[in-house]
Every structure is written in C-alpha cells, then in structure tokens.
*Asks:* 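My structure is below; once you've seen it, I'll send some questions.
A quick note: this is a predicted structure, and the numbers were derived from the prediction, not measured. In listed order, ligands and their atoms are each counted from 1. These values consider heavy atoms only, across backbone and side chains, with no hydrogens, waters or symmetry-generated copies.
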Amino acid sequence: MEMELKTLFSPEKIGNVEIKNRIVRSATYTHAATGDGHVSDLLIKYHTDLAKGGVGLIITGITTIDKVGTISPGQTCLYDDSYIEGHKRMVDAVHEYSDVKIAPQLSHSGRQGITAIAPSAIIFKEDDRMPKELTNEDLKEVIKNFIDAGRRAYESGYDLLTLNAAHGWLLCNFLSPFTNKRSDEYGGNTQNRMRILVEIYNGIVDEVGKNFPIVVKLQTQDFVDDGLKLAEGKIIAKELVDLGFAAIEPSGGSAEVSRLFKIRYPAPRVQSQDDENYFLPAVKELKPIMKDSKIILMGGVRNPVTAEKLLQENIIDFIALSRPLICEPDLPNRWKNDDLTPPLCNSCNSCFFSTGTGSVTCTVKEKLIQERLNK
Ligand SMILES: Cc1cc2nc3c(=O)[nH]c(=O)nc-3n(C[C@H](O)[C@H](O)[C@H](O)COP(=O)(O)O)c2cc1C
C-alpha cells in the first residue's frame, strides 16, 4: 500500500504565518515582468497557475533592490514605490486561491550583474570581467536599498519575505571567502562576511516589525577549494537562526563555479533516485541548530513518499521545488490526489537556459502540448 502523504499535506508555520502544506515553490526567475520590471499579466498567470496547482508557499523569483542589481529586463523590481501597485495585484490574485502564501525574493546580482559590483575586485571567471569593488559608502547604500525594498514588499501585501544569499549573487559574494577579500568590517572572519546580511535583517525588522517572517536561501557551500565549506555554512546558519530568521533553505554552488569546475550546482540533472535531494546532507547538518526556525529541503526533490518520510522523521520541515513546477504547476494537487507517478520534469534544464531569451519555457511541457494538439 502506498504511504499516505499525511504530513506533506498538513499545515505548518513559518514564523507567525501558517502555510497550508509543506510544499514550497523555490524561487524561480521566469523573466516575465515588463521590460522596465513591472509585474505583467503573464507573470501573474505563472503565479496563479501555481496557486491553483496546490503549492502552499510561492517564492516568486529574483526581485531586484536597485538598478545596478538587475540582471536583465524582464526581472521584477522593488526599488521604487511605483512598483508596489503591480506586486499588490499579483499578491491579491494569488490570495484568491485557497489560502496560498506568497513571498518575493530580494536579490542583487553582484558579481554576476551587467554592471558588476562585488565585495572585492576579483575577476568574474565566467567571462573575465572585473567587478567594481564596493566602497563603504556604496555598501551602506546597498543595505539601505535592501531595507527599503523589504518595506515595499510588506506594503505590497506579501505574506513573508525571502532574501537571496546564494548562487553567486551579491549577498553570497560577501559570505564566500573566495569572492570577499575585504579588510574592513565586511570582510575577513565569518562575523564580518555575514555582517551585510545581519544589517539588512535588522533594518527590515526595524521598518516593518517582527510579524513579517524573513526566510533566507543560504549559500552553505561553494564547491571550490578556497570557498565556503559546510562547516562554516552551519556557523552562519546558527547566527541567522539566533538573530530571528524564520526559515533557512540551504543551497550552494553558482553559475561561475559550475562552468569552471563542471559541478552543476545549484541545479544539476536529476536522473536517478541517487541524484535526488542533493542538499539533504546540508539540511541534516543544519537541522539540530534550527530551534523554532524551519528548515526547507531544496534541490532535486522529486519523490513525495521520500519527502513524507523525511517530514515524519523530523529531518525536514518543508520541501521546495523549482524545475518540476515549471513543467507541472499542478504537481502538488496530483500528489494530493494520490497520483504518485514521477514528475514529468527530467531536469533537462531547458528552463534554466531559456530565461535569457524571453519568459521561461519548458521543452517537456511544450512537447506535451504539441502532442495534445496533434491528436
Ligand atoms: C529557470 C530557473 C530559474 C531560477 N531562478 C532562481 C531565482 O530567481 N532565485 C533562486 O534563488 N534560485 C533560482 N533557481 C534555482 C531553483 O530555485 C532551485 O534552487 C534549483 O533549480 C534546484 O531545485 P529543483 O531541483 O527543484 O529545480 C532557478 C532555477 C531555474 C531552473
């Protein structure tokens, strides 16, 4: 007999906010905002399709906190008040569907940006560009911009807020010793490298209070010799839990590292059971320090029965998925209705490579639609 997915479809809180089940949509950049970064009807459709599909919490996708931090047109923005109205429209549209919660992911492109800025002037090895090293004054401005964007997210009606401190973006650039060689109070030891994250957290809480839970997608390892290692990732996570972060979604790797070393994190192919749940070792390492904060398992989560077991054994609190929900936004409802056939997503990563060329697409999904049309 199939295992009943009782815990997977039971509610749990992140901070003071109840999520109706344990399934989170991990942040996914859909490239579907308007050219100047406003919420579009297409972007709303992506998110209402997810809401209808049964997910408990939607984390939208990289939402830029200032102009320099933008990776490309089509990215959502929260760097001035004119953006709030569109975000409100999206939040309201999602809230119409059976109590689904939604959070933006505040992000700055850092070393990976078009106008690259970074903690230190170290060549960005993906295309040999030299980023501009942030002065202390620039840095204060970036921190203020994160805090202001946090306030705008709150005013837009989002249920929670998430920060992107992973995958080679600016906050991750500060955490990682191989990209942060600063000699001021924002570089050097662990406390200094995580200071930017702490100041952003404290600033947002000062603006909007403690009832707006803040979650972090956290770089816990870089997968390079002189990079962040899991042991230090754990120390950082502990500090963030003690500070008040409501949940942590451990991650690792970056595009730069992937291309250099062929370690394709954060989104490697998942072709067999052995490839699944590839950040589970990081989650297991962090779980004992989580106190009342929640741990989210992300990365190759494909099997609801395994997820149910991990939840029942109290190893994880939530699962998060990205690629399978691009292919099948209604996957959670399918699981709820006892259709446990594997996700259609074969992690071919066509979605990953499509984000530079228009809104996100999925080859598997398009093929299915075409087959249906041909019938
Ligand atoms: C098309 C695409 C866009 C993504 N955009 C983001 C993003 O905006 N922010 C982020 O933190 N991760 C982003 N990711 C990474 C995913 O959130 C996730 O960490 C990764 O795909 C592994 O999870 P999965 O195996 O469920 O896909 C993206 C991944 C894909 C495929």
*Asks:* Hey, is V301 one of the residues with a heavy atom under 4.0 angstrom from ligand 1?
*Replies:*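 No, V301 has no heavy atoms under 4.0 Å from ligand 1.
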
*Asks:* At a non-hydrogen distance cut-off of under 4.0 Å, which region of R323 contacts ligand 1 (side chain, backbone, both, or neither)?
*Replies:*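 Both backbone and side chain of R323 come within 4.0 Å of ligand 1.
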
*Asks:* Going by heavy-atom distance to atom 9 (N) of ligand 1, choose the closest among K217, Q105, R269.
*Replies:*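 Answer by nearest heavy atom: Q105.
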
*Asks:* Treating H47 as the side-chain partner and V91 as the backbone partner, does any N or O pair qualify as donor plus acceptor under 3.5 Å?
*Replies:*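 No.
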
*Asks:* Counting only heavy atoms closer than 4.0 Å, does ligand 1 sit against the backbone of P324, its side chain, both, or neither?
*Replies:*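 Only the side chain of P324 comes within reach of ligand 1.
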
*Asks:* Look up atom CG in L161 and atom OG in S156, then write down how far apart they are to the nearest 0.5 Å.
*Replies:*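 Here the interatomic distance stands at 10.5 Å.
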
*Asks:* Answer with side chain, backbone, both or neither: which part of W169 has a heavy atom less than 4.0 angstrom from an atom of ligand 1?
*Replies:*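 For W169, no heavy atom sits under 4.0 Å from ligand 1.
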
*Asks:* Give a yes/no on ligand 1: does S251 have at least one heavy atom closer than 4.0 angstrom to it?
*Replies:*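 The answer is no, since S251 has no heavy atom less than 4.0 Å from ligand 1.
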
*Asks:* For ligand 1, which atoms have a heavy atom of G61 less than 4.0 angstrom away?
*Replies:*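 Ligand 1 atoms under the 4.0 Å threshold to G61: 8 (O).
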
*Asks:* Considering the heavy atoms of C351, write down every atom of ligand 1 situated less than 4.0 Å from one of them.
*Replies:*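 Answer, ordered by atom number: 1 (C), 31 (C).
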
*Asks:* Out of F353, F279, F352, Y278, indicate the one that has the non-hydrogen atom closest to atom 31 (C) of ligand 1.
*Replies:*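 It is F352 whose heavy atom sits nearest to atom 31 (C) of ligand 1.
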
*Asks:* What residue pairs, at least two apart or across chains, pass ring-ring contact (aromatic ring centres under 6.0 Å, His included) with a residue in residues 170-198?
*Replies:*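 Listed once each, the pairs would be none.
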
*Asks:* I'd like to know if the side chain of R22 and the backbone of D317 have a donor-acceptor N/O pair within less than 3.5 Å.
*Replies:*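 Checking the backbone N and O of D317 against the side chain of R22, a donor-acceptor pair under 3.5 Å is found.
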
*Asks:* Is the distance from the ring center of Y154 to that of Y158 below 6.0 Å?
*Replies:*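 Between Y158 and Y154, which both carry aromatic rings, the centre distance is not below 6.0 Å.
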
*Asks:* Does the distance from a Lys or Arg side-chain N to an Asp or Glu carboxylate O, for D41 and R89, drop under 4.0 Å?
*Replies:*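 Here D41 pairs with R89 in a salt bridge, since their nearest N and O are under 4.0 Å apart.
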
*Asks:* Using the ring-ring contact (aromatic ring centres under 6.0 Å, His included) rule, collect all pairs that involve residues 226-252, keeping only residues at least two apart or in two chains.
*Replies:*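 The answer is Y201-F245.
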
*Asks:* In terms of ring plane angle, is the pair H31 and Y29 parallel, tilted or perpendicular, where the classes change at 30° and 60°?
*Replies:*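 It falls in the tilted class, 30° to 60°.
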
*Asks:* Please could you name the atoms of ligand 1 that L321 approaches to less than 4.0 Å, counting only its heavy atoms?
*Replies:*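 Those qualifying, in numeric order: 26 (O).
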
*Asks:* Going by the order shown, which atoms of ligand 1 are within less than 4.0 Å of some heavy atom of G300?
*Replies:*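 This gives 24 (P), 25 (O) as the contact atoms.
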
*Asks:* Go through ligand 1 atom by atom and flag the ones less than 4.0 Å from a non-hydrogen atom of Y29.
*Replies:*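 Going through ligand 1 atom by atom, the ones under 4.0 Å from Y29 are 3 (C), 4 (C), 5 (N), 6 (C), 7 (C), 8 (O).
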
*Asks:* May I ask which of R302, H31, M298, E249 has a heavy atom nearer to atom 18 (C) of ligand 1 than the others do?
*Replies:*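 When every heavy atom of R302, H31, M298, E249 is considered, M298 comes closest to atom 18 (C) of ligand 1.
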
*Asks:* Assess the residue pair T63 and H87 against the criterion (side chain to side chain contact (heavy atoms under 4.5 Å, CB included)); give the C-alpha distance rounded to whole Å, side-chain angles, the decisive distance to 0.1 Å, and a yes or no.
*Replies:* CA-CA 11 Å; T63 300; H87 284 268; 4.2 Å; yes

